[in-house]
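Order of appearance sets the numbers: ligands from 1, and atoms from 1 within every ligand. Keep in mind that this is a model prediction, so the values were computed, not measured.
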Amino acid sequence: MIVVGVDGSLPARAAVAWAAGDAFRRHQPLLLVHAVDRQPYQISKFPDPDRPDSLRRTGQRALNEAVALVHERQPSVEVTTVLEDGAPALVLRQQAKAAAEVVVGTRGLGGITGTLLGSVSDHVAGHAEAPVVVVHAKSRPVHGQVVVGVADTPECRPALAYAFEQAALRGSTLRAVHAWRRPVRAFGTELPHEMEEERAAREETVRACLRPFTQRYPDVSVVEDVRYADAVEALTRTSEEADLLIVGSHGRGVVSAALLGSVSKGVLHRAPCTVAVVRGAG
Ligand SMILES: Nc1ncnc2c1ncn2[C@@H]1O[C@H](COP(=O)(O)OP(=O)(O)OP(=O)(O)O)[C@@H](O)[C@H]1O
Ligand SMILES: [Mg+2]
């Protein structure tokens, strides 16, 4: 099952359209979820007998429109809806517990501009167990390329599994990007042969990470892309020519199991394409 967060906004509509396509490709049913968020209205403090119903009605309307969009885009996809009271991020996480993935828009109905990501998407991307797809509303040409960020740790395996599956289903090229940097030295400069040795070692590590998947998906054409660069910068740049960018939820610097790593967070806020965040194995 694929879970989609619906709040009646244009970005959420884009999320529904993306999820309909993915549900079709993966032969999965869709569950459209709207959380009725009473918090901003402080209903408990100022009870208003009319307000709760009007909130539910608005939510139901958003869900009905989303169902219509799925029927229009992918008539064969099975679709159900849930309308539930609660904080949207918590309701989505709860509903997504047994899901194959959860899909949200970058933004919703909230008015704060200037940030690329709304608070619901931000929270869900950092906390959901399932892969979280944050869909960009802007329509772009199809590039036929999926990009995955490869961290050289075992936690990158679930992200690679997701990336290979997506590339195979879409018939896209998979570009596996590993960016690395050396810490800045206080004295002296890098010796070229040290740099070359490290580059070769990293290329070998990336190849070893990919090997089980290249064997399982012999039809997916893979481009190994190891660069001396900042990871967020490299992934953001590369994703200008990608349909989907996949990152793990964290790499080496695991501060807390519940938080996103700096690379995942960085690309979510900057990448120009749809981003999938896949939780690590650990
Ligand atoms: N009430 C909700 N029910 C279900 N999904 C929601 C709800 N609110 C938001 N979402 C999902 O989260 C996505 C991002 O919306 P979010 O609320 O994070 O952004 P925003 O409204 O622009 O910002 P904020 O709410 O932080 O002011 C939406 O596109 C939608 O997929
Ligand atoms: Mg919102």
Side-chain angles (χ1 to χ4, degrees), residues 1-23 28 30-43 51-70 73 77 79-140 244 249 258-260 264-265 267-277:
M1 179 187 54
I2 296 174
V3 168
V4 195
V6 173
D7 68 351
S9 65
L10 276 179
R13 239 181 110 75
V16 172
W18 190 94
D22 213 43
Q28 291 264 349
L30 275 184
L31 177 66
L32 309 179
V33 178
H34 177 77
V36 180
D37 188 6
R38 298 177 195 281
Q39 205 65 36
Y41 303 96
Q42 298 191 303
I43 301 290
R51 185 88 80 178
D53 276 336
S54 83
L55 284 180
R56 284 189 83 85
R57 269 201 305 275
T58 312
Q60 190 57 55
R61 207 176 307 132
L63 285 173
N64 294 346
E65 281 170 11
V67 170
L69 181 61
V70 176
R73 294 288 174 97
V77 167
V79 47
T80 46
T81 64
V82 164
L83 183 67
E84 198 176 301
D85 275 27
L90 297 183
V91 170
L92 284 172
R93 268 171 68 188
Q94 188 62 33
Q95 291 291 339
K97 277 212 167 123
E101 65 189 2
V102 49
V103 185
V104 290
T106 46
R107 295 296 314 249
L109 289 174
I112 306 163
T113 51
T115 64
L116 196 54
L117 218 58
S119 59
V120 175
S121 302
D122 198 27
H123 183 100
V124 173
H127 293 81
E129 311 269 322
V132 178
V133 182
V134 179
V135 176
H136 259 256
K138 216 174 85 191
S139 72
R140 307 161 74 234
L244 179 64
S249 53
L259 293 177
L260 282 180
S264 332
K265 198 148 193 119
V267 299
L268 272 175
H269 284 270
R270 288 170 62 188
C273 70
T274 293
V275 177
V277 179

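- Under a 3.5 Å cut-off, the side chain of T274 and the backbone N or O of H136 do form a donor-acceptor pair.
- Residue L109 places its CG atom among more than 12 non-hydrogen atoms of other residues, nucleotides or ligands, all under 6.0 Å distant.
- Within the 4.0 Å heavy-atom shell around ligand 1 one does not find D37.
- For ligand 1, the atoms sitting less than 4.0 Å from at least one non-hydrogen atom of G108 are 14 (C), 15 (O), 16 (P), 19 (O), 20 (P), 21 (O), 22 (O), numbered in the order shown with element in parentheses.
- Ligand 1 has a nitrogen or oxygen under 3.5 angstrom from a nitrogen or oxygen of G105.
- Some N or O of R107 is nearer than 3.5 Å to an N or O of ligand 1, by distance alone.
- For the pair L92 and ligand 1, the shortest N or O to N or O distance does not fall below 3.5 Å.
- Of the heavy atoms in V33, only backbone atoms (N, CA, C, O) come closer than 4.0 Å to ligand 1.
- Annotation for V77 and Q28: closest pair CG1-O, 4.1 Å, computed over non-hydrogen atoms.
- For atom 24 (P) of ligand 1, the choice among A87, S121, S119, G59 with the nearest heavy atom turns out to be S119.
- Between the side chain of E101 and the backbone N or O of V132, no donor-acceptor pair lies under 3.5 Å.
- The backbone of L109, and not its side chain, has at least one atom closer than 4.0 Å to an atom of ligand 1 (non-hydrogen atoms only; backbone = N, CA, C, O).
- Ligand 1 has no N or O atom lying under 3.5 Å from any N or O atom of A15, backbone or side chain.
- Annotation: side chain of K265 is in contact with side chain of H269 (closest heavy-atom distance under 4.5 Å).
- L30 is listed as a side-chain neighbour of V4, based on a closest heavy-atom distance under 4.5 Å.
- An N or O contact shorter than 3.5 Å is missing between P88 and ligand 1 by distance.
- Between H123 and A89 the shortest heavy-atom distance is CD2-CB, 3.5 Å.
- Proximity annotation for atom 3 (N) of ligand 1: of A125, A35, A66, A89, A35 comes nearest, heavy atoms only.
- Side chains of Q94 and E84: a donor-acceptor N/O pair is absent below 3.5 angstrom, by distance only.
- Within a 6.0 Å radius of CZ in R13, no more than 12 heavy atoms belonging to other residues, nucleotides or ligands are found.
- Annotation: P11 places no N or O atom under 3.5 Å from an N or O atom of ligand 1; distance criterion only.
- Considering backbone and side-chain atoms alike, V103 places every N or O at 3.5 Å or more from each N or O of ligand 1.
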